[in-house]
Trainee: 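Below is the structure I would like to discuss, written out as C-alpha coordinates.
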Amino acid sequence: MNVKQPDQSSFNYDWTDEELYILSTLMIRTDDQTGLFNDTNNPPGKNNDLHENNHQVKGKTAALGHKFFFDTRLSGNGKVSCASCHQPSLFFTDGKPLSRIGNHTTKRHTPTVVGVSESPWFFWDGRKDSLWSQALEPLENKAEHAGNRVYYARITDQFYRDEYEAVFGILPDFSDTDRFPVNAGPSSDAEGQKAWQNMTPEDKDLVTSVFVNIGRAIAAYESKLQPAPGRFDRYVSSLLHPVPDTETPSLTADEIAGIRLFISEEKGQCLRCHNGPLLTNFDFQATSVPQNSVDTGRQEGIRKALKDEFNCLSKHNQSPANSCQELNYAKQSGIELERAFKVPTLRNIADTAPYMHEGQFETLEEVMRYYNHAAPAPGQHGELSPLRLFPHELKQITAFLKTLDGGIATEPQWLLNPFMEKGI
Amino acid sequence: MNKFSKIFCLLLFPVAEPALPANLADITSEKGHFQIRVDFPGNSVPLNKMQQWELHVTDSEGTPVNNAIISISGGMPSHKHGMPSSPEVIRNTSDDSYLINGMKFQMFGHWRLNISISEGNTTDNAVIDFKLPISHHHEQK
(Lines give C-alpha, C1' and ligand atoms only; values in the text may rest on other atoms or scores of the structure.)
Protein backbone atom coordinates (compact mmCIF):
# COMPACT_ATOMS: atom_id res chain seq x y z
CA MET A 1 0.00 0.00 0.00
CA ASN A 2 1.36 3.43 -0.93
CA VAL A 3 1.94 5.78 1.96
CA LYS A 4 1.08 9.30 0.88
CA GLN A 5 3.76 11.84 1.74
CA PRO A 6 2.66 15.32 2.85
CA ASP A 7 2.38 17.55 -0.20
CA GLN A 8 4.24 20.84 0.17
CA SER A 9 3.18 22.43 -3.09
CA SER A 10 0.35 24.93 -3.18
CA PHE A 11 -2.91 23.59 -4.40
CA ASN A 12 -6.13 25.04 -5.79
CA TYR A 13 -9.42 23.46 -4.85
CA ASP A 14 -12.82 24.53 -6.14
CA TRP A 15 -14.89 24.85 -2.96
CA THR A 16 -18.67 24.55 -3.22
CA ASP A 17 -20.85 27.41 -1.94
CA GLU A 18 -21.90 25.35 1.06
CA GLU A 19 -18.31 24.44 1.96
CA LEU A 20 -17.28 28.06 1.65
CA TYR A 21 -20.01 29.14 4.01
CA ILE A 22 -18.80 26.62 6.58
CA LEU A 23 -15.21 27.82 6.20
CA SER A 24 -16.38 31.39 6.78
CA THR A 25 -17.86 30.35 10.13
CA LEU A 26 -14.50 28.92 11.24
CA MET A 27 -12.44 31.94 10.31
CA ILE A 28 -10.89 34.59 12.53
CA ARG A 29 -11.13 37.86 10.66
CA THR A 30 -7.66 38.91 9.59
CA ASP A 31 -8.51 42.61 9.51
CA ASP A 32 -9.61 42.85 13.13
CA GLN A 33 -6.73 44.44 14.99
CA THR A 34 -8.47 44.81 18.31
CA GLY A 35 -9.28 41.17 18.88
CA LEU A 36 -11.37 38.25 17.86
CA PHE A 37 -14.82 39.70 18.21
CA ASN A 38 -16.20 43.18 18.31
CA ASP A 39 -18.23 44.30 21.29
CA THR A 40 -21.58 43.50 19.70
CA ASN A 41 -20.82 39.82 19.97
CA ASN A 42 -20.42 40.02 23.71
CA PRO A 43 -23.71 40.48 25.54
CA PRO A 44 -23.35 43.29 28.06
CA GLY A 45 -22.08 42.08 31.39
CA LYS A 46 -20.84 38.72 30.22
CA ASN A 47 -17.19 38.38 31.22
CA ASN A 48 -16.76 42.13 31.05
CA ASP A 49 -15.51 44.23 33.86
CA LEU A 50 -17.47 46.94 35.65
CA HIS A 51 -16.70 49.77 33.30
CA GLU A 52 -17.16 48.08 29.94
CA ASN A 53 -17.99 51.31 28.18
CA ASN A 54 -15.02 53.23 29.57
CA HIS A 55 -11.97 52.24 27.60
CA GLN A 56 -9.52 54.06 29.82
CA VAL A 57 -10.75 52.33 32.95
CA LYS A 58 -10.88 49.05 31.02
CA GLY A 59 -7.19 49.46 30.19
CA LYS A 60 -6.36 50.11 33.84
CA THR A 61 -8.42 47.13 34.93
CA ALA A 62 -6.54 44.86 32.55
CA ALA A 63 -3.20 46.32 33.69
CA LEU A 64 -4.11 45.60 37.31
CA GLY A 65 -5.23 42.11 36.38
CA HIS A 66 -1.97 41.59 34.50
CA LYS A 67 -0.10 42.18 37.76
CA PHE A 68 -2.44 39.99 39.81
CA PHE A 69 -1.98 37.18 37.25
CA PHE A 70 1.79 37.10 37.76
CA ASP A 71 1.92 38.07 41.44
CA THR A 72 3.16 35.17 43.59
CA ARG A 73 2.13 37.07 46.72
CA LEU A 74 -1.43 35.97 45.88
CA SER A 75 -0.79 32.56 47.41
CA GLY A 76 -0.40 30.93 50.81
CA ASN A 77 3.34 30.30 50.49
CA GLY A 78 4.18 33.33 48.36
CA LYS A 79 5.42 31.19 45.48
CA VAL A 80 2.36 30.48 43.31
CA SER A 81 0.74 32.74 40.74
CA CYS A 82 -1.76 32.08 37.95
CA ALA A 83 1.24 32.08 35.61
CA SER A 84 2.73 29.09 37.49
CA CYS A 85 0.38 26.83 35.51
CA HIS A 86 -0.79 29.21 32.79
CA GLN A 87 2.60 29.98 31.25
CA PRO A 88 2.69 32.52 28.41
CA SER A 89 5.44 30.64 26.57
CA LEU A 90 3.19 27.56 26.38
CA PHE A 91 0.07 29.42 25.32
CA PHE A 92 -0.94 29.73 28.95
CA THR A 93 -0.80 26.00 29.64
CA ASP A 94 2.04 24.18 31.41
CA GLY A 95 2.70 21.31 29.01
CA LYS A 96 2.06 18.65 31.67
CA PRO A 97 -0.79 16.13 31.96
CA LEU A 98 -1.54 17.27 35.53
CA SER A 99 0.00 20.15 37.44
CA ARG A 100 2.03 19.71 40.58
CA ILE A 101 2.16 22.52 43.14
CA GLY A 102 4.12 21.69 46.30
CA ASN A 103 2.74 18.40 47.56
CA HIS A 104 -0.47 18.64 45.60
CA THR A 105 -1.31 17.40 42.13
CA THR A 106 -4.33 18.81 40.30
CA LYS A 107 -7.11 16.45 39.32
CA ARG A 108 -7.26 17.69 35.75
CA HIS A 109 -5.03 19.07 33.01
CA THR A 110 -4.44 22.85 32.93
CA PRO A 111 -6.37 24.29 29.98
CA THR A 112 -5.33 27.37 28.03
CA VAL A 113 -6.62 30.83 28.86
CA VAL A 114 -6.24 32.10 25.28
CA GLY A 115 -9.67 32.71 23.78
CA VAL A 116 -11.42 31.47 26.91
CA SER A 117 -13.30 34.74 27.49
CA GLU A 118 -15.75 33.77 24.74
CA SER A 119 -16.98 30.70 26.59
CA PRO A 120 -20.15 30.79 28.72
CA TRP A 121 -18.74 28.18 31.13
CA PHE A 122 -15.34 27.68 32.79
CA PHE A 123 -13.29 24.68 33.94
CA TRP A 124 -13.55 21.29 32.23
CA ASP A 125 -16.88 20.67 33.99
CA GLY A 126 -18.26 24.19 33.60
CA ARG A 127 -18.76 24.70 37.32
CA LYS A 128 -18.24 28.48 36.96
CA ASP A 129 -20.32 30.71 34.71
CA SER A 130 -18.11 33.79 34.51
CA LEU A 131 -14.44 34.36 33.77
CA TRP A 132 -13.96 36.46 36.91
CA SER A 133 -15.49 33.88 39.24
CA GLN A 134 -13.34 31.15 37.68
CA ALA A 135 -10.23 33.14 38.59
CA LEU A 136 -11.24 33.15 42.26
CA GLU A 137 -11.44 29.41 42.81
CA PRO A 138 -7.74 28.50 42.37
CA LEU A 139 -6.85 31.39 44.72
CA GLU A 140 -8.67 29.67 47.61
CA ASN A 141 -8.04 26.08 46.51
CA LYS A 142 -5.71 24.27 48.96
CA ALA A 143 -4.21 22.31 46.06
CA GLU A 144 -3.40 25.45 44.04
CA HIS A 145 -2.74 28.94 45.48
CA ALA A 146 -3.82 27.80 48.97
CA GLY A 147 -4.67 31.32 50.14
CA ASN A 148 -7.79 32.97 51.53
CA ARG A 149 -9.74 36.07 50.70
CA VAL A 150 -8.94 38.13 53.82
CA TYR A 151 -5.25 37.59 53.13
CA TYR A 152 -5.73 38.74 49.53
CA ALA A 153 -7.70 41.81 50.62
CA ARG A 154 -4.75 42.77 52.80
CA ILE A 155 -2.26 42.23 49.94
CA THR A 156 -4.41 44.52 47.80
CA ASP A 157 -4.47 47.10 50.60
CA GLN A 158 -0.69 46.98 51.07
CA PHE A 159 0.51 46.87 47.46
CA TYR A 160 -2.28 47.91 45.12
CA ARG A 161 -4.30 50.63 46.81
CA ASP A 162 -3.91 53.36 44.18
CA GLU A 163 -4.32 51.08 41.19
CA TYR A 164 -7.34 49.37 42.75
CA GLU A 165 -9.07 52.64 43.61
CA ALA A 166 -8.51 54.05 40.11
CA VAL A 167 -10.68 51.22 38.81
CA PHE A 168 -13.04 50.11 41.56
CA GLY A 169 -13.42 53.08 43.87
CA ILE A 170 -12.62 53.29 47.58
CA LEU A 171 -10.69 50.36 49.03
CA PRO A 172 -11.43 49.74 52.73
CA ASP A 173 -8.64 49.69 55.32
CA PHE A 174 -7.89 46.06 56.16
CA SER A 175 -5.07 46.69 58.65
CA ASP A 176 -7.14 45.97 61.79
CA THR A 177 -6.39 42.29 62.46
CA ASP A 178 -9.13 42.09 65.09
CA ARG A 179 -11.74 42.77 62.43
CA PHE A 180 -9.79 41.15 59.59
CA PRO A 181 -7.75 38.19 60.86
CA VAL A 182 -4.48 37.40 59.12
CA ASN A 183 -5.95 34.27 57.56
CA ALA A 184 -9.68 33.79 57.19
CA GLY A 185 -11.95 32.53 54.49
CA PRO A 186 -14.87 30.15 53.85
CA SER A 187 -12.65 27.49 52.21
CA SER A 188 -9.64 27.96 54.43
CA ASP A 189 -8.29 25.40 56.90
CA ALA A 190 -10.30 24.77 60.09
CA GLU A 191 -8.75 27.73 61.90
CA GLY A 192 -9.25 30.05 58.97
CA GLN A 193 -12.86 28.98 58.57
CA LYS A 194 -13.53 29.61 62.26
CA ALA A 195 -11.92 33.04 61.98
CA TRP A 196 -14.15 33.78 58.99
CA GLN A 197 -17.28 32.73 60.83
CA ASN A 198 -16.39 35.05 63.72
CA MET A 199 -16.23 38.10 61.44
CA THR A 200 -19.26 40.39 61.17
CA PRO A 201 -21.44 40.03 58.04
CA GLU A 202 -20.53 43.57 57.02
CA ASP A 203 -16.79 42.91 57.25
CA LYS A 204 -17.16 39.65 55.35
CA ASP A 205 -18.95 41.59 52.60
CA LEU A 206 -16.17 44.16 52.44
CA VAL A 207 -13.59 41.42 52.01
CA THR A 208 -15.65 39.48 49.49
CA SER A 209 -16.27 42.50 47.30
CA VAL A 210 -12.52 43.15 47.06
CA PHE A 211 -12.00 39.46 46.32
CA VAL A 212 -14.61 39.69 43.54
CA ASN A 213 -12.83 42.71 42.08
CA ILE A 214 -9.52 40.84 42.05
CA GLY A 215 -11.32 38.27 39.89
CA ARG A 216 -12.74 40.98 37.64
CA ALA A 217 -9.30 42.49 37.10
CA ILE A 218 -7.80 39.11 36.26
CA ALA A 219 -10.68 38.50 33.83
CA ALA A 220 -10.06 41.86 32.15
CA TYR A 221 -6.44 40.85 31.59
CA GLU A 222 -7.37 37.37 30.35
CA SER A 223 -9.84 38.88 27.89
CA LYS A 224 -6.86 40.43 26.12
CA LEU A 225 -5.53 36.97 25.33
CA GLN A 226 -7.15 35.97 22.05
CA PRO A 227 -5.89 33.66 19.31
CA ALA A 228 -4.43 35.33 16.25
CA PRO A 229 -5.32 34.32 12.69
CA GLY A 230 -3.26 31.49 11.18
CA ARG A 231 -2.56 30.31 7.67
CA PHE A 232 -6.05 28.80 7.52
CA ASP A 233 -7.69 32.16 8.21
CA ARG A 234 -5.57 34.03 5.66
CA TYR A 235 -6.42 31.37 3.09
CA VAL A 236 -10.18 31.55 3.74
CA SER A 237 -10.11 35.34 3.82
CA SER A 238 -8.45 35.37 0.40
CA LEU A 239 -11.19 33.10 -0.96
CA LEU A 240 -13.96 35.31 0.37
CA HIS A 241 -12.37 38.65 -0.44
CA PRO A 242 -9.91 38.16 -3.27
CA VAL A 243 -7.62 41.17 -3.59
CA PRO A 244 -6.38 41.69 -7.13
CA ASP A 245 -2.64 41.87 -7.75
CA THR A 246 -1.68 40.35 -4.41
CA GLU A 247 -0.16 36.97 -3.69
CA THR A 248 -2.92 34.58 -2.68
CA PRO A 249 -2.18 32.67 0.53
CA SER A 250 -2.18 28.97 -0.20
CA LEU A 251 -2.53 25.68 1.59
CA THR A 252 -1.04 22.36 0.55
CA ALA A 253 -3.11 19.59 -1.00
CA ASP A 254 -2.92 17.63 2.26
CA GLU A 255 -4.03 20.61 4.34
CA ILE A 256 -7.01 21.18 2.04
CA ALA A 257 -7.86 17.48 2.14
CA GLY A 258 -7.67 17.76 5.93
CA ILE A 259 -10.19 20.62 5.95
CA ARG A 260 -12.59 18.63 3.79
CA LEU A 261 -12.32 15.64 6.12
CA PHE A 262 -12.74 17.88 9.18
CA ILE A 263 -16.00 19.45 7.96
CA SER A 264 -17.37 16.25 6.42
CA GLU A 265 -20.42 14.88 8.23
CA GLU A 266 -19.61 11.37 7.05
CA LYS A 267 -15.83 11.32 7.48
CA GLY A 268 -14.21 13.40 10.26
CA GLN A 269 -17.44 14.71 11.78
CA CYS A 270 -15.23 17.11 13.73
CA LEU A 271 -17.41 20.12 12.98
CA ARG A 272 -20.12 18.78 15.26
CA CYS A 273 -18.23 19.94 18.33
CA HIS A 274 -15.33 21.92 16.90
CA ASN A 275 -17.22 24.72 15.16
CA GLY A 276 -17.01 28.52 15.20
CA PRO A 277 -13.85 30.68 14.97
CA LEU A 278 -12.42 29.09 18.12
CA LEU A 279 -13.29 25.61 16.85
CA THR A 280 -15.31 24.78 19.92
CA ASN A 281 -19.05 24.90 20.48
CA PHE A 282 -18.30 25.47 24.22
CA ASP A 283 -20.57 22.52 24.97
CA PHE A 284 -19.95 19.44 27.09
CA GLN A 285 -19.39 16.19 25.22
CA ALA A 286 -18.45 12.71 26.32
CA THR A 287 -15.54 11.31 24.35
CA SER A 288 -15.08 8.37 26.77
CA VAL A 289 -11.32 8.78 26.94
CA PRO A 290 -9.86 6.43 29.52
CA GLN A 291 -9.50 8.31 32.81
CA ASN A 292 -7.47 7.63 35.93
CA SER A 293 -10.01 8.91 38.43
CA VAL A 294 -13.76 8.76 38.69
CA ASP A 295 -14.81 12.05 37.12
CA THR A 296 -18.40 12.72 36.16
CA GLY A 297 -17.54 16.01 34.45
CA ARG A 298 -20.51 18.24 33.63
CA GLN A 299 -22.93 16.11 35.64
CA GLU A 300 -21.34 17.38 38.84
CA GLY A 301 -20.22 20.65 37.28
CA ILE A 302 -23.71 21.99 36.61
CA ARG A 303 -24.77 21.14 40.17
CA LYS A 304 -21.85 23.14 41.51
CA ALA A 305 -22.56 26.05 39.16
CA LEU A 306 -26.18 26.26 40.29
CA LYS A 307 -25.07 26.54 43.94
CA ASP A 308 -22.06 28.73 43.34
CA GLU A 309 -21.59 31.74 45.61
CA PHE A 310 -20.59 33.88 42.63
CA ASN A 311 -22.89 32.68 39.87
CA CYS A 312 -24.91 34.90 37.54
CA LEU A 313 -27.91 34.91 39.88
CA SER A 314 -25.85 35.98 42.92
CA LYS A 315 -25.69 39.51 44.25
CA HIS A 316 -22.19 39.88 42.81
CA ASN A 317 -23.41 39.87 39.24
CA GLN A 318 -23.83 43.34 37.86
CA SER A 319 -25.94 42.63 34.81
CA PRO A 320 -29.73 42.22 35.05
CA ALA A 321 -30.99 38.83 36.28
CA ASN A 322 -32.83 38.18 33.03
CA SER A 323 -29.51 38.05 31.22
CA CYS A 324 -28.58 34.80 33.03
CA GLN A 325 -29.93 32.66 30.24
CA GLU A 326 -27.09 30.15 30.24
CA LEU A 327 -27.64 29.38 33.91
CA ASN A 328 -31.44 29.60 33.84
CA TYR A 329 -31.83 27.26 30.89
CA ALA A 330 -28.85 24.98 31.37
CA LYS A 331 -29.37 21.27 30.95
CA GLN A 332 -29.26 19.93 34.50
CA SER A 333 -29.83 16.22 34.15
CA GLY A 334 -29.68 13.37 31.71
CA ILE A 335 -27.21 10.81 30.50
CA GLU A 336 -25.56 13.28 28.12
CA LEU A 337 -23.96 15.06 31.09
CA GLU A 338 -22.21 11.92 32.34
CA ARG A 339 -18.44 12.15 31.88
CA ALA A 340 -19.01 15.08 29.56
CA PHE A 341 -16.24 17.67 29.44
CA LYS A 342 -15.97 21.07 27.83
CA VAL A 343 -14.86 20.99 24.20
CA PRO A 344 -11.49 22.77 24.07
CA THR A 345 -10.49 25.21 21.38
CA LEU A 346 -8.35 23.93 18.53
CA ARG A 347 -6.60 27.26 18.10
CA ASN A 348 -2.85 26.77 18.56
CA ILE A 349 -3.62 23.14 19.37
CA ALA A 350 -0.33 21.87 17.92
CA ASP A 351 1.50 23.83 20.64
CA THR A 352 -0.67 22.97 23.65
CA ALA A 353 0.02 19.26 24.24
CA PRO A 354 -0.89 17.10 26.09
CA TYR A 355 -4.59 16.66 25.36
CA MET A 356 -7.90 15.76 27.04
CA HIS A 357 -9.05 16.51 30.59
CA GLU A 358 -6.28 14.54 32.31
CA GLY A 359 -3.72 15.18 29.59
CA GLN A 360 -4.08 11.53 28.61
CA PHE A 361 -2.73 11.93 25.07
CA GLU A 362 0.74 13.33 24.47
CA THR A 363 0.48 13.99 20.75
CA LEU A 364 -2.12 14.93 18.16
CA GLU A 365 -1.36 11.61 16.47
CA GLU A 366 -2.50 9.77 19.60
CA VAL A 367 -5.68 11.87 19.66
CA MET A 368 -6.40 11.05 16.01
CA ARG A 369 -5.77 7.32 16.58
CA TYR A 370 -8.15 7.39 19.55
CA TYR A 371 -10.95 9.00 17.56
CA ASN A 372 -10.36 6.56 14.74
CA HIS A 373 -11.23 3.53 16.86
CA ALA A 374 -13.13 5.19 19.73
CA ALA A 375 -15.94 3.40 21.44
CA PRO A 376 -17.29 3.86 24.95
CA ALA A 377 -16.75 1.11 27.49
CA PRO A 378 -19.81 -1.13 27.96
CA GLY A 379 -22.50 0.65 29.98
CA GLN A 380 -20.79 3.99 29.60
CA HIS A 381 -22.24 6.98 27.82
CA GLY A 382 -20.22 8.24 24.87
CA GLU A 383 -20.90 10.22 21.75
CA LEU A 384 -18.18 9.08 19.44
CA SER A 385 -18.34 6.37 16.87
CA PRO A 386 -15.10 5.15 15.30
CA LEU A 387 -14.08 7.22 12.30
CA ARG A 388 -12.31 4.36 10.51
CA LEU A 389 -10.26 6.73 8.35
CA PHE A 390 -7.10 5.70 6.50
CA PRO A 391 -3.72 6.60 8.04
CA HIS A 392 -3.05 9.24 5.38
CA GLU A 393 -6.43 10.83 6.12
CA LEU A 394 -5.56 11.13 9.81
CA LYS A 395 -2.29 12.83 8.78
CA GLN A 396 -4.24 15.22 6.57
CA ILE A 397 -6.53 16.26 9.42
CA THR A 398 -3.46 16.82 11.60
CA ALA A 399 -1.90 18.90 8.81
CA PHE A 400 -5.03 21.08 8.74
CA LEU A 401 -5.00 21.49 12.53
CA LYS A 402 -1.51 22.97 12.30
CA THR A 403 -2.80 25.70 9.97
CA LEU A 404 -4.86 27.00 12.90
CA ASP A 405 -1.70 28.09 14.72
CA GLY A 406 -1.41 31.86 14.77
CA GLY A 407 -0.08 32.70 18.18
CA ILE A 408 -1.74 35.21 20.48
CA ALA A 409 -3.25 38.43 19.12
CA THR A 410 -2.13 40.90 21.74
CA GLU A 411 0.61 43.48 22.24
CA PRO A 412 3.78 41.74 23.44
CA GLN A 413 3.91 43.49 26.83
CA TRP A 414 0.79 41.62 27.98
CA LEU A 415 2.68 38.34 27.65
CA LEU A 416 5.54 39.44 29.91
CA ASN A 417 5.81 39.11 33.66
CA PRO A 418 5.39 42.71 34.90
CA PHE A 419 7.46 41.91 38.02
CA MET A 420 10.55 40.66 36.22
CA GLU A 421 12.29 44.05 36.25
CA LYS A 422 11.53 44.57 39.91
CA GLY A 423 12.85 41.13 40.84
CA ILE A 424 9.76 40.08 42.78
CA MET B 1 -20.71 40.87 -7.09
CA ASN B 2 -19.15 37.40 -7.11
CA LYS B 3 -21.10 34.35 -6.03
CA PHE B 4 -19.42 34.17 -2.61
CA SER B 5 -20.51 37.68 -1.75
CA LYS B 6 -24.03 36.81 -2.84
CA ILE B 7 -24.27 33.95 -0.34
CA PHE B 8 -23.24 36.19 2.52
CA CYS B 9 -25.48 39.00 1.43
CA LEU B 10 -28.42 36.64 1.43
CA LEU B 11 -27.55 35.41 4.87
CA LEU B 12 -26.59 38.70 6.44
CA PHE B 13 -28.36 41.48 4.62
CA PRO B 14 -31.97 40.95 3.68
CA VAL B 15 -32.87 42.65 0.42
CA ALA B 16 -36.63 42.51 0.93
CA GLU B 17 -39.23 41.40 3.44
CA PRO B 18 -37.92 38.14 4.93
CA ALA B 19 -40.25 35.15 4.81
CA LEU B 20 -40.28 32.22 7.19
CA PRO B 21 -38.71 29.03 5.92
CA ALA B 22 -41.51 26.70 4.90
CA ASN B 23 -40.77 23.98 7.42
CA LEU B 24 -41.19 26.29 10.43
CA ALA B 25 -44.67 27.49 9.49
CA ASP B 26 -48.12 25.89 9.14
CA ILE B 27 -47.24 22.76 11.06
CA THR B 28 -50.25 20.65 12.00
CA SER B 29 -50.06 18.78 15.27
CA GLU B 30 -50.20 15.01 15.17
CA LYS B 31 -53.88 14.62 16.07
CA GLY B 32 -54.86 17.71 14.09
CA HIS B 33 -55.96 19.88 17.02
CA PHE B 34 -53.48 22.71 16.57
CA GLN B 35 -51.63 24.65 13.89
CA ILE B 36 -48.32 26.02 14.95
CA ARG B 37 -45.59 28.27 13.65
CA VAL B 38 -42.18 29.03 15.19
CA ASP B 39 -39.89 31.87 14.32
CA PHE B 40 -36.39 32.94 15.27
CA PRO B 41 -35.02 36.46 15.76
CA GLY B 42 -32.65 38.12 13.34
CA ASN B 43 -31.90 36.86 9.90
CA SER B 44 -30.37 33.50 10.72
CA VAL B 45 -29.97 31.06 13.59
CA PRO B 46 -26.52 31.36 15.20
CA LEU B 47 -24.76 28.35 16.70
CA ASN B 48 -23.79 28.17 20.37
CA LYS B 49 -25.81 31.13 21.55
CA MET B 50 -28.82 31.20 23.83
CA GLN B 51 -31.73 32.70 21.93
CA GLN B 52 -35.43 33.36 22.29
CA TRP B 53 -37.82 32.02 19.66
CA GLU B 54 -41.48 32.81 19.08
CA LEU B 55 -44.28 30.28 18.93
CA HIS B 56 -47.77 30.84 17.55
CA VAL B 57 -50.53 28.32 18.20
CA THR B 58 -54.02 28.32 16.67
CA ASP B 59 -56.79 25.76 16.74
CA SER B 60 -57.83 23.98 13.57
CA GLU B 61 -60.12 26.91 12.72
CA GLY B 62 -57.29 29.42 12.92
CA THR B 63 -58.28 30.99 16.23
CA PRO B 64 -55.28 31.79 18.43
CA VAL B 65 -54.85 29.49 21.42
CA ASN B 66 -53.72 31.70 24.25
CA ASN B 67 -53.88 29.65 27.42
CA ALA B 68 -52.14 26.43 26.62
CA ILE B 69 -49.49 24.73 28.69
CA ILE B 70 -46.62 24.07 26.37
CA SER B 71 -43.38 22.21 26.77
CA ILE B 72 -40.63 21.75 24.24
CA SER B 73 -37.73 19.42 23.72
CA GLY B 74 -35.44 18.84 20.81
CA GLY B 75 -32.47 17.03 19.41
CA MET B 76 -30.73 15.67 16.40
CA PRO B 77 -32.29 12.34 15.41
CA SER B 78 -29.30 11.07 13.45
CA HIS B 79 -26.82 11.93 16.21
CA LYS B 80 -29.04 10.60 19.01
CA HIS B 81 -28.54 13.58 21.26
CA GLY B 82 -30.79 16.33 22.56
CA MET B 83 -30.47 20.06 22.79
CA PRO B 84 -27.62 21.45 24.89
CA SER B 85 -30.09 23.51 26.94
CA SER B 86 -33.51 23.15 28.61
CA PRO B 87 -35.88 25.54 26.84
CA GLU B 88 -39.05 26.83 28.51
CA VAL B 89 -42.20 28.22 26.95
CA ILE B 90 -43.92 31.24 28.46
CA ARG B 91 -46.87 33.27 27.36
CA ASN B 92 -46.06 36.48 25.52
CA THR B 93 -48.48 38.90 27.10
CA SER B 94 -48.16 41.51 24.38
CA ASP B 95 -49.77 39.52 21.61
CA ASP B 96 -51.16 36.13 20.59
CA SER B 97 -47.93 34.24 20.92
CA TYR B 98 -45.59 32.39 23.21
CA LEU B 99 -41.90 32.88 23.82
CA ILE B 100 -39.48 29.99 23.91
CA ASN B 101 -36.57 30.88 26.16
CA GLY B 102 -33.33 28.93 26.26
CA MET B 103 -33.14 27.76 22.66
CA LYS B 104 -29.59 26.78 21.74
CA PHE B 105 -28.00 24.69 19.00
CA GLN B 106 -24.44 23.47 19.20
CA MET B 107 -23.95 22.15 15.66
CA PHE B 108 -25.22 22.26 12.08
CA GLY B 109 -27.44 19.52 10.71
CA HIS B 110 -30.94 18.11 11.01
CA TRP B 111 -32.78 19.21 14.18
CA ARG B 112 -36.18 18.10 15.43
CA LEU B 113 -38.34 19.97 17.92
CA ASN B 114 -41.14 18.24 19.82
CA ILE B 115 -43.76 20.65 21.08
CA SER B 116 -46.34 19.35 23.49
CA ILE B 117 -49.49 21.48 23.79
CA SER B 118 -52.20 21.10 26.37
CA GLU B 119 -55.32 23.28 26.37
CA GLY B 120 -58.14 22.28 28.67
CA ASN B 121 -58.82 18.63 27.92
CA THR B 122 -57.03 18.70 24.60
CA THR B 123 -53.46 17.53 24.35
CA ASP B 124 -51.47 17.16 21.22
CA ASN B 125 -47.89 17.09 19.99
CA ALA B 126 -46.25 18.85 17.04
CA VAL B 127 -43.01 17.88 15.41
CA ILE B 128 -40.87 20.37 13.52
CA ASP B 129 -37.91 19.32 11.42
CA PHE B 130 -35.37 21.78 10.07
CA LYS B 131 -31.77 21.88 9.04
CA LEU B 132 -29.11 24.30 10.29
CA PRO B 133 -27.80 26.61 8.92
CA ILE B 134 -31.12 28.30 8.26
CA SER B 135 -32.13 31.84 7.44
CA HIS B 136 -35.25 33.75 6.60
CA HIS B 137 -35.99 33.52 2.90
CA HIS B 138 -35.96 36.66 0.87
CA GLU B 139 -38.57 37.44 -1.68
CA GLN B 140 -37.37 39.52 -4.59
CA LYS B 141 -39.74 42.36 -5.38
Side-chain angles (χ1 to χ4, degrees), chain A residues 15-25 41-43 46 118-121 126 236 239-242 263 265-266 269-278 280-286 298 302 322-337 340 343 381-385, chain B residues 1-13 40-53 70-90 92-93 99-111 113-114 131-135:
Chain A
W15 297 96
T16 66
D17 290 351
E18 197 186 331
E19 285 172 328
L20 209 59
Y21 170 73
I22 290 174
L23 296 188
S24 75
T25 66
N41 283 338
N42 264 326
K46 178 177 102 67
E118 298 307 311
S119 180
W121 300 98
V236 175
L239 294 177
L240 300 177
H241 310 289
I263 67 177
E265 180 60 17
E266 288 77 38
Q269 305 164 51
C270 317
L271 200 64
R272 292 189 190 182
C273 303
H274 293 288
N275 56 55
L278 287 162
T280 165
N281 59 9
F282 308 114
D283 196 33
F284 301 90
Q285 319 280 176
R298 181 60 169 169
I302 184 58
N322 62 9
S323 69
C324 298
Q325 293 181 59
E326 286 285 348
L327 193 61
N328 284 331
Y329 304 109
K331 190 152 71 180
Q332 297 183 22
S333 61
I335 192 173
E336 287 169 28
L337 302 182
V343 176
H381 164 63
E383 289 162 39
L384 299 183
S385 43
Chain B
M1 177 187 288
N2 64 29
K3 65 172 178 175
F4 310 130
S5 305
K6 276 188 194 141
I7 299 167
F8 303 112
C9 281
L10 282 175
L11 287 171
L12 299 173
F13 303 107
F40 50 87
N43 190 53
S44 60
V45 176
L47 288 188
N48 311 328
K49 291 223 175 326
M50 281 290 191
Q51 52 204 270
Q52 183 186 67
W53 282 32
I70 306 178
S71 62
I72 183 167
S73 63
M76 298 184 81
S78 56
H79 295 181
K80 301 187 182 59
H81 68 74
M83 289 177 82
S85 57
S86 300
E88 285 175 11
V89 181
I90 59 170
N92 185 2
T93 49
L99 297 171
I100 314 174
N101 286 321
M103 292 291 271
K104 193 181 192 188
F105 307 95
Q106 77 274 43
M107 56 186 82
F108 294 129
H110 168 214
W111 284 88
L113 300 177
N114 286 293
K131 198 162 175 282
L132 291 182
I134 197 171
S135 64

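A, B, ... follow the sequence lines: proteins, then strands. Residue 1 opens every chain.
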Trainee: What part of A:Glu326 gets within 4.5 angstrom of chain B, counting heavy atoms only: side chain, backbone, both, or neither?
Mentor: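 Both the backbone and the side chain of A:Glu326 come within 4.5 Å of chain B.
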Trainee: Kindly say whether A:Thr16 contributes a backbone atom to a donor-acceptor pair with the side chain of A:Glu18 at under 3.5 angstrom?
Mentor: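 Side chain of A:Glu18 to backbone of A:Thr16, a donor-acceptor pair under 3.5 Å: no, none is there.
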Trainee: Is it the side chain or the backbone of A:Thr25 that comes within 4.5 Å of chain B heavy atoms, both, or neither?
Mentor: side chain
Trainee: Side chain, backbone, both or neither: which part of B:Met103 has a non-hydrogen atom closer than 4.5 Å to chain A?
Mentor: neither
Trainee: Is any side-chain heavy atom of B:Asn101 closer than 4.5 Å to one of B:Met50?
Mentor: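 B:Met50 does not reach B:Asn101 side chain to side chain.
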Trainee: Could you tell me which of A:Arg272, A:Lys331, A:Glu336 has the largest number of non-hydrogen atom pairs under 4.5 Å with chain B?
Mentor: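 Going by pairs under 4.5 Å, I would pick A:Arg272.
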Trainee: Keeping A:Asp283 on the side-chain end and B:Asn48 on the backbone end, is there a donor-acceptor pair under 3.5 Å?
Mentor: no
Trainee: Can you name the nearest heavy-atom pair linking B:Phe40 to B:Ser135, along with the distance?
Mentor: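 Looking at all heavy atoms of both residues, the shortest contact is CZ-C, 3.9 Å.
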Trainee: Side chains of B:Pro84 and B:Phe105: closer than 4.5 Å at any heavy-atom pair?
Mentor: no
Trainee: In terms of heavy-atom proximity below 4.5 Å to chain B, should A:Glu265 be classed as side chain, backbone, both, or neither?
Mentor: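 Side chain only.
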